[in-house]
Amino acid sequence: MCGIVGYIGPKKVVPVIIEGLRKLEYRGYDSAGIAVVTGDGKLDIRRASGKLRNLEEVIQKSPLEGAYGIGHTRWATHGRPTEENAHPHRDCTGQIVVVHNGIIENYLELKEQLQREGHKFVTETDTEIVAHLVEKNSQGGVPLEEAVRKSLHQLRGIYALVFMSARDPHKIVAARMGPPAVIGLGENEFFVASDIPALLEHTRNIFFLQDGDIAVLTQSGVRVMDHDGKSVERKPHHVAWDPIMAEKGGYKHFMQKEIFEQPRAVRDTLLSSISRDTGKTYLGDLGLTADQFRAFDKVRIVACGTSWHAGLAGKFMIERLARLPVEVDYGSEFRYRDPILDAKTLTVCISQSGETADTIAAQREAKQKGSPTIAICNVVGSMITREAAGSIITHAGPEIGVASTKAFTSQLTALLLLAMHLGEVRGTLSAEAAKSLLEEFARIPHKMETVLQMEESGTFESLARQFFRCTDFLYLGRGIHYPIALEGALKLKEISYIHAEGYPAGEMKHGPNALIDENLPVVVLATRDESDPASITLYEKSVSNMQEVRARDGIVIAIVTAGDHLARSAANHVIALPPAPELLAPLLEIIPLQLLSYHIAVRRGCDVDQPRNLAKSVTVE
């Protein structure tokens with residue numbers, strides 16, 4: 001969850017690292033620090049609590065320059081977010097520094113051992129013990145990478161670690177076990193970072209370290225070895241992301257920009273995988289044969305947070321089109337309940353970053369029990385894609401805002417494509433029905449653009465003015481719209497800090513009715529697909545729920561289909577969307593919920609892109 005950047009090359013090192021950290025600040029913003037080795041071979045460090053701008057102010061007051069260096073933005077796990085606990089951390093001699101993303105589980109045991117041996121500790125963190133271990137294992141002029149390798153055998157936990165030593169100059173050593181570490185290959189310059197956006201300005205040739213890898217970066221190149229010291233080869237990938245995609249591009253916030261990028265993200269994810277002429281899906285690297293797909297008798301989806309909500313919507317898609325039973329699990333709970341899996345179960349793992357620790361652990365549990373896994377992910381070469389039999393890559397581009405938006409709609413797109421593929425292979429979705437659905441699917445990006453045009457009318461700003469002081473919101477939906485209600489509530493609580501709850505509308509009478517009064521806004525998803533009798537039934541029942549809310553003086557904000565009259569008459573406020581088939585409606589419904597959350601958070605003065613206590617990529621349990 002922390003941001004790491006390391007650089008060795010001809011450029012001025014401090015600007016390269018600070019700008020890289022700025023690209024990664026969404027990963028952690030409790031404190032920040034930088035260490036460089038100066039031209040005369042000395043280590044120089046600057047650190048600050050709080051956001052990266054505080055570190056920049058420290059550097060402005062006390063400048064530093066170096067030949068190479070490492071930097072870090074922290075999301076606190078062990079120890080308070082203070083300057084003292086900020087990375088990089090040093091050993092007793094002040095000659096070795098380390099930055100860390102992850103958790104060292106046996107740090108107390110190691111700390112006590114090192115203290116008995118005379119080591120002095122000055123922080124509350126688990127990371128500091130790693131610097132002292134490397135100091136201990138460096139005695140006698142041992143090269144830094146060998147001291148690191150020996151130290152790693154004593155650690156228990158997960159980590160991305162990056163080291164420098166003034167005693168072994170012109171070298172950066174990185175190691176991975178769990179959290180991501182990506183190596184960037186430039187022209188006579190080399191980088192290490194915890195995520196791709198930090199590197200895009202300098203190079204698009206990258207490779208991810210795998211668990212157990214140790215990389216040694218020098219001015220002449222990068223070599224990789226395993227924990228036993230054996231050399232290994234890692235094939236570079238060319239990242240297609242444009243660096244401009246990671247900039248705000250005139251928008252006030254990254255989240256706002258990414259909301260407006262959704263039509264493009266959905267279009268790119270969709271059109272890369274279909275033939276509108278034949279109505280067939282071409283998902284490419286799924287790694288499983290048609291016979292294997294036909295042999296599956298159930299599907300498990302594992303994910304966390306927003307991706308879990310996408311998985312819930314995917315359940316409706318797969319069961320409708322492929323007629324396979326689907327269960328959706330939280331990645332954080334999956335392996336602890338001894339799930340029942342076998343070779344006839346397809347496990348679908350969803351993660352924007354591809355490095356979500358809980359989802360990777362669930363994936364490994366599924367594989368250990370014999371279940372083939374498919375990854376839905378936004379990052380080629382990430383851990384979850386490497387461990388899967390095959391992958392569906394979403395084409396959202398870099399998502400910087402901590403609250404996910406375009407990754408969610410891209411995941412919905414990928415799940416519907418997977419559902420169609422399963423239906424085609426298993427014979428439950430006819431060629432005619434598939435072609436018709438794809439025709440409607442291809443119209444969705446334009447319809448999303450139509451929904452986004454409502455921003456110009458001030459609809460969402462007006463609603464925000466009325467409701468930004470509320471302390472609670474309730475979101476209701478039925479069927480496939482229920483996961484969208486959950487996601488809408490999550491967006492509001494993430495960025496505005498208003499308590500919000502998503503609920504199945506049919507369960508109102510079983511508890512939530514007690515909450516309704518004249519101060520409670522209730523957002524109801526009440527769209528309808530005129531060609532689908534089941535959709536009309538759900539719609540009519542949702543209108544009844546709206547009337548129940550109004551009867552108790554609640555405030556109804558209804559998301560309806562254009563031309564609707566019945567729901568409109570039961571609501572206080574109405575947002576009308578273009579008509580869409582039932583399985584495609586979520587791609588339109590989520591946009592007004594995102595925009596409502598965004599404008600409420602802005603009006604409350606919240607940090608939209610970097611909400612408190614959260615990080616973009618959760619790479620620890």
Side-chain angles (χ1 to χ4, degrees), residues 1-76 79-90 94-101 122-123 125 127-128 131 162-164 166 169 172 184 186 189 191-195 197-202 243 246-248 250 252-254 400 402 605 607-610 612 615-616:
M1 292 179 281
C2 303
I4 293 173
V5 178
Y7 174 73
I8 187 165
K11 295 188 177 96
K12 289 188 175 181
V13 64
V14 174
V16 170
I17 290 176
I18 292 296
E19 189 56 35
L21 291 177
R22 186 174 291 111
K23 299 293 198 319
L24 297 181
E25 198 176 9
Y26 62 90
R27 295 180 63 90
Y29 32 88
D30 291 335
S31 59
I34 185 172
V36 301
V37 177
T38 63
D40 58 1
K42 295 181 179 178
L43 268 173
D44 205 356
I45 294 178
R46 302 287 185 273
R47 303 185 303 187
S49 62
K51 294 196 174 184
L52 184 61
R53 60 176 174 265
N54 296 348
L55 175 62
E56 292 179 275
E57 290 174 3
V58 168
I59 293 172
Q60 190 173 21
K61 294 175 183 176
S62 178
L64 78 166
E65 291 185 5
Y68 56 100
I70 57 179
H72 188 272
T73 60
R74 181 173 184 241
W75 191 83
R80 296 162 296 159
T82 62
E83 186 275 332
E84 179 184 71
N85 289 328
H87 300 216
H89 290 301
R90 289 165 280 199
Q95 299 283 297
I96 296 168
V97 289
V98 61
V99 294
H100 173 215
N101 178 13
V122 297
T123 80
T125 71
T127 304
E128 189 185 5
V162 183
F163 303 84
M164 294 191 309
I172 296 173
E189 58 182 359
F191 308 80
V192 60
S194 49
D195 207 352
L199 310 181
L200 289 179
E201 184 179 338
H202 307 282
E247 302 298 335
K248 290 182 184 175
K252 187 176 180 181
H253 299 96
F254 279 113
I400 306 302
V402 167
D607 190 334
V608 173
D609 287 334
Q610 297 174 353
R612 68 190 183 200
K616 181 64 179 173

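If you take NZ on Lys23 and CG on Leu199, they are separated by 10.0 Å, rounding to the nearest 0.5 Å. Note that NZ of Lys12 and OH of Tyr7 are 12.5 Å apart. Values are rounded to the nearest 0.5 Å.
With sequence neighbours excluded, the residues forming a side-chain hydrogen bond (donor to acceptor under 3.5 Å, both in side chains) with His253 are Tyr598, listed by chain and number. Under the side chain to side chain contact (heavy atoms under 4.5 Å, CB included) criterion, Ala67 pairs with no residue at all, not counting sequence neighbours. With sequence neighbours excluded, the residues satisfying salt bridge (Lys or Arg N to Asp or Glu O under 4.0 Å) with Lys11 are Glu189. For Lys42, the side chain to side chain contact (heavy atoms under 4.5 Å, CB included) partners two or more places apart in sequence, or in a different chain, are Thr38, Asp40. Considering only residues two or more places apart in sequence or on other chains, Phe163 meets the ring-ring contact (aromatic ring centres under 6.0 Å, His included) condition with none of them. Under the ring-ring contact (aromatic ring centres under 6.0 Å, His included) criterion, His87 pairs with His72, His89, not counting sequence neighbours. Take Ala35 and apply the side chain to side chain contact (heavy atoms under 4.5 Å, CB included) test, not counting sequence neighbours, and it matches Ile45, Ile70, Pro88, Val97, Met164. Here Val14 pairs with Ile18, Ile34, Val36, Ile59, Leu64 under the side chain to side chain contact (heavy atoms under 4.5 Å, CB included) rule; sequence neighbours left out. Scored by the salt bridge (Lys or Arg N to Asp or Glu O under 4.0 Å) test, Arg90 finds no partners at all (sequence neighbours excluded).
Counting only residues at least two apart or on different chains, the side chain to side chain donor-acceptor pair (under 3.5 Å) pairs with a member in residues 54-65 are Arg22-Glu56, Arg46-Ser62. Residue pairs meeting the ring pair (Phe, Tyr, Trp, His ring centres under 6.0 Å) criterion with at least one member in residues 33-63: none, sequence neighbours excluded.
Nearest heavy atoms, Leu24 versus Ser194: CD1-OG, 3.6 Å. Across Tyr68 and Val13, no two heavy atoms sit closer than the pair C-CG2, 3.6 Å. In terms of heavy-atom proximity, Phe191 sits nearest to Val16 at CE2-CG1, 4.0 Å. In plain terms, the two heavy atoms of Leu43 and Ala166 that are nearest each other are CG-CB, 4.2 Å. The minimum heavy-atom distance linking Gln610 with Val402 is given by the pair CA-CG2, 4.3 Å. A pairwise comparison of heavy atoms in Ala198 and Ala193 identifies CB-CB, 4.0 Å as the closest pair.
At a cut-off of 3.5 Å, with distance as the only test, a side-chain donor of Thr123 or Thr125 sits close to an acceptor on the other residue.
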